[in-house]
Each structure stands twice: as structure tokens, then as C-alpha cells.
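A short worksheet on the structure shown next.
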Amino acid sequence: MEQDTFISTTNIDIHELWNEILEEIAKDISMISFDVWFKSLEIEDIKGGTLVLSTQTRYAKDMLVKKYKDKIISCAQKVYRAINSVEILVKDEEETLEQSSERVFAKTKAQEKSEKESAAKPAGSEFRFDPKSTFDSFVVGGSNQFACAAAKAVADEPGTKINPLFIYGGSGLGKTHLLFAIGNYVTEHHPELNVVYVTTYKFVTDYTTALQNNKANEFKETYSKADILIIDDIQGIINKTATQEQFFNLFNELYQNGKQIVITSDKQPKELSPLEDRLRSRFEWGMIADIGVPDIETRIAILNKKAQIERFNVSREVIEYIAEISTTNVREMEGFLSRTVFYSNLLKEDIVTISSAREALKNIAKADSEMIDATKIIDIVCKFYNIKKEDVLARKRTKAIAETRQIAMYLISEYINMPLESIGNIFGRDHATVIYAKNKVADDIKTSKKLEIQINDMKQMIEGK
């Protein structure tokens, strides 16, 4: 049964509901961002379809609205589908929570008409893509250049050049940003097209609900209306045989009708298991593009772009420090920046200083660096290539020793939150030498399958696998 647009809070425990929503939010963002922005956020009420929350400061409210408003709504809808908006209040402002709550309730009456008018729209047409997630705001580097170019081609001419587009990569590297960029571009330049964005979690939930309510035909008809189907995190379909069957049929119908399909995953199609071979083969029909871990220069560019968009007053020294200690996840790195700015704001600094950045992140950086030390990595690399450790640490420049040294630098930077200058000091080299070594090894991996296999073998040894 469909839930009413206006929710009666007399029959639900709003605090228990909020805890469930927080659990959903925690799945999608870094631990740092969750600790900084959500632990102090409290639920006040639910008025109509609006979730009313409160926080302590105007700064926290502004950050939550700018960065996480859509995330809160989407996660809230997973728990209670009738929630369609969020209002964030500041506890120490003059307007009381009761007054603001009544104002929110009045707003929902005006929203009701709009909601009824949009009720007949196809699935996904009401989804609001994050306006900040555009191609202009996506920082392009060697690790994501191909994926970004493919996404732009899809957005420019949907259903013609590349179909399907399958983007894969680790968590927090920018896959969803590219999906939203496609959605924003198509919405602006091809407004006549119906763009449907859905997470695999929601797709599975919608299908399960349709089966329970004997509405499988309505489910199929709804998704079949998509001109562009964008589905995020397709790995969620693994082990769900019935849903795989349904998605297989939907894929065929859309593809045969010239509709565009865009998919993301944490793994490439051949690594998704268990997955039906016929579905895997369809994922491979079009183009497969990966997003890798960004190099140091790209990480610096990403942080500079983030600081520019959010109007953070941060020195280059701080940007470089955060880029050096966060090496594997863009989302985590941006969380580090937000945590640093938040800490600096508490100290009432005019500009974020390196000392406050180190203090804000000291426990995180320490915890990560203690897991694997540089000595262990150097020992493993030297043993792997049968090179003496003292030769690698000395000034010797024979080809074999130099290459071993570069690989050791590369792996240390991959595993340890250590400034590049400190890595250079281990080998008696400077900051620029480490950057060169990292970039050279990263480029060589792309062109040498043998080296890629060797690096993966050494990573398993480092991780104790």
C-alpha cells in the first residue's frame, strides 16, 4: 500500500526512524565525514513529507545543505518512502524549532499540488542530480581521463556512439560524479529525454515490492520508459537471480530500441561473480572504462577545486599535506579537507594552517601509517627482485637498482600516509624524485602486464595475503 504524502508521527518513533536513516547514510560516506557532520545532527519532527533536523551552528547547516541534502533525502527514502524533502535548523537562531516546524508544515501544503502533478512522470524523471556534479567540476587526470571522455560522448549523443557504457573502480573515486554529470548535461541539452537514475539497491527494492504487490507489469512499464537508464553499483545484483532476469530483459528492450544504458560497478564485468554469463556479455557489448586511484598532482587539483567550490580559505601547504596522506579514496580525501576546515573554524582561524591540519588529522594519519611500515615494504620489494636493501637505500644508479627503488617508493606512497618529502628522505632523495618514481611506475603498469602482475603480487605480500 502506498504511504500517504502527509505522515502522521503519532504512530512512529521518529528517533528510531532517524537512527535507521543514519545507518543508510553511513554506508555511503566516509567515516570522517559522518563523524564531523552527522553525529551531532538531531531529528526534531516530520511534517508532511519533510524531515526536520537541527544542528548546532550556521556553518554546519550550510555545509550539510550544500553537500549532503540530496544524500539525506535519498537515504531517508530508503527507510520511509514518503519523505521527500529535508529542513535543517540551527538551534541557537532566533526562530524557535516549533515556529520553524510549523513553517515547514505550511510549505508542504504548497508542495502537495506539485507532487500530484509529477506523480504521473516516469521513474527517475523527478530525481534531482547534484548540480555541483558536472563535467566542469570533475577534475581530469591520468586515472580517469578515458572514463570522463566516454561519459562526455554518451551525454552528447545518447544511444549512438557508446552503448552500454560500463564504468568501474573503487569506492569514492568519482564514478557517481560522472553519472550525475551525464544526468545534468542531458537534462540541460536534451530536456525532451527521460533520464532515469537508480541505484541497484533501489532497483532491487522496487522489483521486490512490485512482486509482493502483484505489480510486476507496472514495474517493467515504468523502467521501459527510460530514454537513458543510469544504474549505479550494479554489483548489488549479484546473488539475486530473479532480479538479474528482470534486468536482462529490461537491458535487451532498451538496447534494441536505441536507448542509452550507463552502468557503474566496483569491478569489471568479468570479475562480477556469481553473475549470469548472458548478462555479463551484454555489459561488455559497449565500452568498459576504469577509474583508478588519482596521482598526487590530480589529488592536489581535486582538493583545490573542492576548496574553490566550497570557498574554503586553505593554503597550498595544507592542500599538499592532505593530498599526501590520503592516497586511495577521493571521498575520504575530501572528508579530510572538510574535517580540517571544521577544526580550523572552531579555532576561529582566518585561514586553515598546516598546524591545525596536522592536529585535526593526527589520529587518522597515525592509525593508517601504523598498519604497514616503510621498512616492511622495502624488504618485500628487495626480496622480490633479489636486490640488496643497502644498495636500494644507497646512491647506486644501475638500472635494476633504480627500478627497484622506484617501485619501493611507489608502493610506500600507496600504502602509507607519509609526506612525499619523508619518503624521499628514506632513500636520500628529494620530493621531486618521489613524484617522478610514482608517476613512472604508474605509467609502466598501464603498458606492462608483467609489471602489473608483479605489483599485485607484492601488494598481496605486503597485505599478508
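Since this is a predicted model, take the numbers as computed values, not measurements.
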Give the minimum heavy-atom separation between [X] and [Y], together with the two atoms involved.
| X | Y | answer |
| --- | --- | --- |
| S54 | E44 | OG-OE2, 2.6 Å |
| P164 | F283 | CG-O, 4.0 Å |
| M409 | A437 | SD-CB, 3.7 Å |
| T134 | N184 | CG2-ND2, 4.3 Å |
| A408 | I378 | CB-CG1, 4.5 Å |
| Y436 | Q406 | CE2-NE2, 3.7 Å |

Flag the pair [X] / [Y] as yes when at least one side-chain heavy-atom distance between them is below 4.5 Å, and no otherwise.
| X | Y | result |
| --- | --- | --- |
| N144 | D290 | no |
| I455 | L451 | yes |
| L229 | V262 | no |
| L165 | I162 | yes |
| K306 | K67 | yes |
| I234 | I237 | yes |
| L53 | I72 | yes |
| I309 | K66 | no |

Taking atom [atom1] of [X] and atom [atom2] of [Y], what is their separation to the nearest 0.5 Å?
| X | Y | atom1 | atom2 | result |
| --- | --- | --- | --- | --- |
| K71 | L64 | NZ | CG | 13.5 Å |
| E324 | I319 | CD | CD1 | 12.0 Å |
| F180 | Y197 | CZ | OH | 4.5 Å |
| S338 | N345 | OG | CG | 12.0 Å |
| N439 | D295 | CG | CG | 5.0 Å |
| F38 | C75 | CZ | SG | 8.0 Å |

Please confirm whether the backbone N or O of [Y] pairs with a side-chain atom of [X], one donor and one acceptor, at under 3.5 Å?
| X | Y | answer |
| --- | --- | --- |
| K376 | I462 | yes |
| K175 | I167 | no |
| T433 | R429 | no |
| S448 | I445 | no |
| H190 | D156 | yes |
| T340 | F336 | yes |
| D45 | L51 | no |
| K61 | I88 | yes |
| R358 | Y321 | no |
| R405 | E403 | no |

Less than 4.0 Å between a side-chain N and a carboxylate O, is that true for [Y] and [X]?
| X | Y | value |
| --- | --- | --- |
| K202 | D206 | yes |
| E310 | K132 | yes |
| D379 | K383 | no |
| K449 | E452 | yes |

- Item | Step-by-step side-chain contact (heavy atoms from CB on, under 4.5 Å) determination, F146 to M287 | CA-CA 10 Å; F146 184 73; M287 181 176 290; 3.5 Å; yes

- Query: With T264, which residues qualify under side-chain hydrogen bond (donor to acceptor under 3.5 Å, both in side chains), at least two apart?
  - Reply: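 Expected list: D232.
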
- All side-chain hydrogen bond (donor to acceptor under 3.5 Å, both in side chains) counterparts of S356, not counting sequence neighbours: E349, T353

- Specify whether F166 and Y168 have parallel, tilted or perpendicular ring planes, treating 30° as the upper limit for parallel and 60° as the lower limit for perpendicular.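 The rings of F166 and Y168 sit tilted, inter-plane angle from 30° to 60°.
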
Let me check something: any side-chain donor-acceptor pairs from residues 18-26 under 3.5 Å, sequence neighbours excluded? List them with distances.
| residue | atom | partner | partner atom | Å |
| --- | --- | --- | --- | --- |
| W18 | NE1 | L41 | O | 3.4 |
| N19 | ND2 | H15 | O | 3.4 |
| E24 | OE2 | K27 | NZ | 3.3 |

- Item | Exceeds 12 heavy-atom contacts within 6.0 angstrom, atom CD of E271 | yes

- Message: With a sphere of 6.0 Å drawn around CD of E157, does it hold more than 12 non-hydrogen atoms of other residues, nucleotides or ligands?
- Response: yes

- Message: Go through it in stages, so that I can follow the logic: the residues are L361 and Y343, the test is side-chain contact (heavy atoms from CB on, under 4.5 Å), and I'd like the CA-CA distance, side-chain angles, deciding distance and then a yes or no.
- Response: CA-CA 10 Å; L361 303 175; Y343 182 81; over 6 Å; no

- With a distance cut-off below 6.0 Å to the six-membered ring centre and an angular limit of 45° from the axis, does K78 pair with Y201 as a cation-pi contact? yes

- Query: What's the verdict on side-chain contact (heavy atoms from CB on, under 4.5 Å) for F384 and M458, showing C-alpha distance, side-chain angles and the deciding distance?
  - Reply: CA-CA 8 Å; F384 190 91; M458 283 183 278; 3.7 Å; yes

- Item | side-chain contact (heavy atoms from CB on, under 4.5 Å) between I230 and I182, intermediate numbers included | CA-CA 9 Å; I230 302 175; I182 292 172; 4.2 Å; yes

